[in-house]
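Here's the structure we're looking at; comments come further down.
Chain A is the first sequence line, chain B the second, and so forth, proteins listed ahead of strands; every chain is numbered from 1.
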Amino acid sequence: MLPHRILEERLRAAVIHCIPDAEVDQIVVRSCPDVRFGDYQSTSLMALAKPRKINPRKLAEDVIRALDVPEWIESSEVAGPGFLNFRIGPEVICRTLESAIRGEHLFFETTKNPRTFVVDFSSPNVAKPMHVGHIRSTILGDSLARTLRILGHTVITDNHIGDWGTQFGKLLLGWKSGLDLQALRTDALGELERLYKQTNSRCDAEPALLEGARAELVKLQDGDPENLGIWQEMLELSRSQFDSIYQRLGVRFDHTLGESFYNSRLKPIVAEMKDRSLARVSEGAMVVFFDDHPELKAHPALVQKSDGAANYTTTDLATLQYRLETWHPDEVVYVTDGRQQLHFKQLFEIFRRWKSGSPVKLAHVWFGAILGEDGKPFKTRSGDTVKLADLLDEAEARALRMVAEKNSDLTDAEQKEVARMVGLGAVKYADLAPNRQSDYVFSWDKMLALNGNTAPYLQYAHARIRSIFRKQNLPDDLGVPPQGLSLSTPEEFALCKTLLNFGLVLEAVVSDYRPNYLCNYLYDLAGAFAQFYERCPVLKAEEPERSNRLAVCQLTGRVLKCGLELLGIESPERM
RNA sequence: GCGUCGGUAGCUCAAUUGGAUAGAGUUCCUGACUUCGAAUCAGGCGGUUGGGGGUUCGAGUCCCUCCCGACGCACCA
């Protein structure tokens, strides 16, 4: 077991000894924010003491007296009003590194309580090109799914694509009247988007056309073969374009069940809402009111429009119902932008009333907007939304220019491949590194910079490590140094202690659904490595130092690569 | 109007159940390359965390209030 886990376990036991009814899950050990205090600390006792009105300092002293201190703890002390600080000895650090070298772990452990998660993300709309607005959901959701999986949870990813709804009336009308077959062949989604925009503006000008669009929609919903056929074709065209984007991004879904998949469930749900008086008719629509809910009191939710059609709240309820029946998740995570907060509050509240016994946890993981450098929503120069495919192309092109300039040893094909990894990595990292809830400013120069908290900087650190091994044709797995691993310099210790924290960080990522913790950690790790690299020669060092340092490099490289992989970012061997 | 979320160094951003002296990058200044990759590293300048009040041993974080901004507020999703 990893040191912090053992410490945490023993600390919990000691707390239970002092306070039998304490909430042990709240007792946590984390790395010290300042090395002067120690390596690990716990602030949990102060939080525990407060509601119980006991002196936190005294509680800390009692707990530390009851603590079965692991033999590898060098010092454990109470500080200030009740901090517990622990310092670990070099032995346990080295033994932990050795077990990592042997492949027993990579500084994290899988969870003791595996849970099943459904992660709902990306969700593009059929007949619209994926644009920059989809990237954050896609990247965040993918990274969370990867991190949950590596920690041993069961994860089902489901792309809830928008393949049904009122936009298809206009699309059908446009398809029948103004389809450009040539354009459809070269850029299907672009052509569909053009048809939609064209019909939309024509409808604004001619109300009679709007009736036509509605009629097409009704025919589709009634199962008209021609309209269904066209709809199916639009769906397939869209899917193949989505797939090419996902392939580029390295994102995969276990399921892609669009809104239309749930059509048959809608009417029964509305009926049940009505029968159980969860919803009632208001202004011709079927509406759920939240009179006893202060926050939602002023925001009733429609489950059926006055024209009899269900809307997205109903579809989301049906989707949730299906997911619970099919996969029995412990938790369903929705990754969408922050503008949908009200919708999900309503949805979750309706669900609680509808399935009052369900233990499932529902989480809305929302994120802010991507802004242009002018602080306004990110658009092209002409004011259009930025298509995702174009964005990725530009990222690769810009990265290629940098790679060509910096490393001319690589062949053209190698440069292109490295540029692909660096460009896509930069875009993804720029999305993941800021706190997801804040808006962030999209800047090519910042995300592709080789200094600062960027993907290229982390990839560079990895490439430097790989370069050491390549230089002397050393194998990827050197094994534990014959005389056992030992460390001597402050830089070695600082780097290795950072390695030990990888697992703590991964746990924080999944508990708060925030991959940016991992970004910050990897940046720290790369920084610690850079300092080590400056001050501690590896290949030039004498044995046994040389073997020790090679081992440290190897583990650092592995953690960097693994961490980047959890962010969906590749690590080139050279760049 | 009501609600949600923001406001942290000139700029772009961090800061893990409230935790210890609020950290990075960038800009500007200074230093380190006969290099295990300088695509790097070290040092310096830079702060009343929007204003004010409160709770607390302790507040960027919680509560109240005001200012500024983004977004949302029943028949789009």
Side-chain angles (χ1 to χ4, degrees), chain A residues 25-26 28 30-34 36-37 41 43-44 46-47 50 55-57 79-83 85 123 125 162 164-167 259 282-288 295-302 304-307 309 311-313 315-316 336-343 345-346 366 368-369 371 373 375-377 402-403 405-407 433-435 437-441 443 445-446 449-454 456-457 459-461 463-464 467-469 471-472 504-505 507-509 511-512 514 516-517 519-520 523-524 527 530-531 533-541 549 553 574-575:
Chain A
D25 290 353
Q26 290 175 9
V28 292
R30 61 187 191 203
S31 59
C32 249
D34 189 325
R36 280 172 305 178
F37 300 129
Q41 78 167 192
T43 58
S44 308
M46 293 180 283
K50 187 147 212 164
N55 183 320
R57 172 92 199 183
F83 293 91
N85 292 329
S123 311
N125 288 316
W164 200 252
T166 48
Q167 75 270 27
E259 293 168 347
S282 168
E283 297 173 33
M286 192 65 72
V287 184
V288 178
E295 201 184 329
L296 294 178
K297 195 171 178 173
H299 303 285
L302 267 69
Q304 183 178 281
K305 299 187 285 184
S306 53
D307 65 2
N311 68 349
Y312 72 133
T313 299
T315 309
D316 279 352
T336 84
D337 76 271
R339 290 176 301 184
Q340 298 193 42
Q341 286 177 84
L342 180 58
H343 166 66
K345 279 178 186 160
Q346 291 174 330
W366 60 268
L371 307 176
E373 300 204 48
K376 292 177 188 160
M402 295 182 49
V403 172
E405 182 189 328
K406 305 282 187 185
N407 194 340
N435 182 329
Q437 293 184 333
S438 54
D439 296 347
Y440 84 90
V441 175
S443 160
D445 291 341
K446 292 217 163 65
L450 297 147
N451 282 331
N453 195 2
T454 66
Y457 176 80
Q459 289 170 321
Y460 174 62
R464 282 169 117 188
S467 164
I468 293 172
F469 286 79
K471 185 142 190 149
Q472 305 219 336
L504 277 170
V505 171
E507 286 163 31
V509 168
S511 72
D512 289 356
R514 285 174 55 166
N516 71 307
Y517 290 157
C519 298
N520 293 342
Y523 182 53
D524 279 350
Q531 288 177 35
Y533 187 84
E534 288 294 318
R535 298 250 185 94
C536 306
V538 179
L539 294 175
K540 289 180 195 161
R549 288 181 178 170
C553 286
R574 307 169 68 181
M575 58 186 281

Q | First encountered from the 5' end of RNA chain B, between A:Y312 and A:L302 | A |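 Per heavy-atom nearest nucleotide, the more 5' residue is A:L302.
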
Please pick, from [options], the nucleotide with the shortest atom-to-atom distance to any side-chain atom of [X].
X: A:D439; options: B:A14, B:A39, B:A70; answer: B:A70
X: A:Y533; options: B:G72, B:A38, B:U40; answer: B:A38
X: A:K50; options: B:A20, B:G37, B:U56; answer: B:U56
X: A:N435; options: B:A20, B:A14, B:U4; answer: B:A14

Spacing of [X] atom [atom1] relative to [N] atom [atom2], expressed in whole Å:
X: A:Y440; N: B:U8; atom1: OH; atom2: P; answer: 19 Å
X: A:Y460; N: B:A38; atom1: OH; atom2: C1'; answer: 7 Å
X: A:Q437; N: B:U16; atom1: CD; atom2: P; answer: 12 Å

Using a cut-off of strictly less than 4.0 Å, decide whether [X] has a side-chain nitrogen or oxygen near OP1 or OP2 of [N].
X: A:K471; N: B:G37; value: yes
X: A:R514; N: B:A15; value: yes
X: A:Q531; N: B:A42; value: yes

Q.
Quick check: closest heavy atoms across A:N451 and A:Y457, and the distance to 0.1 Å?
A.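 Closest pair (atom of A:N451, atom of A:Y457, distance): CA-CD1, 4.4 Å.
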
Q) Is any side-chain N or O of A:D524 under 3.5 Å from a base N or O of B:A14, one able to act as donor and the other as acceptor? A)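 Such a pair does not exist between side chain and base.
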
Q.
Can you say whether a donor on the side chain of A:S44 sits under 3.5 Å from an acceptor on the base of B:U17, or the other way round?
A.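 Result: at least one qualifying N/O pair found.
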
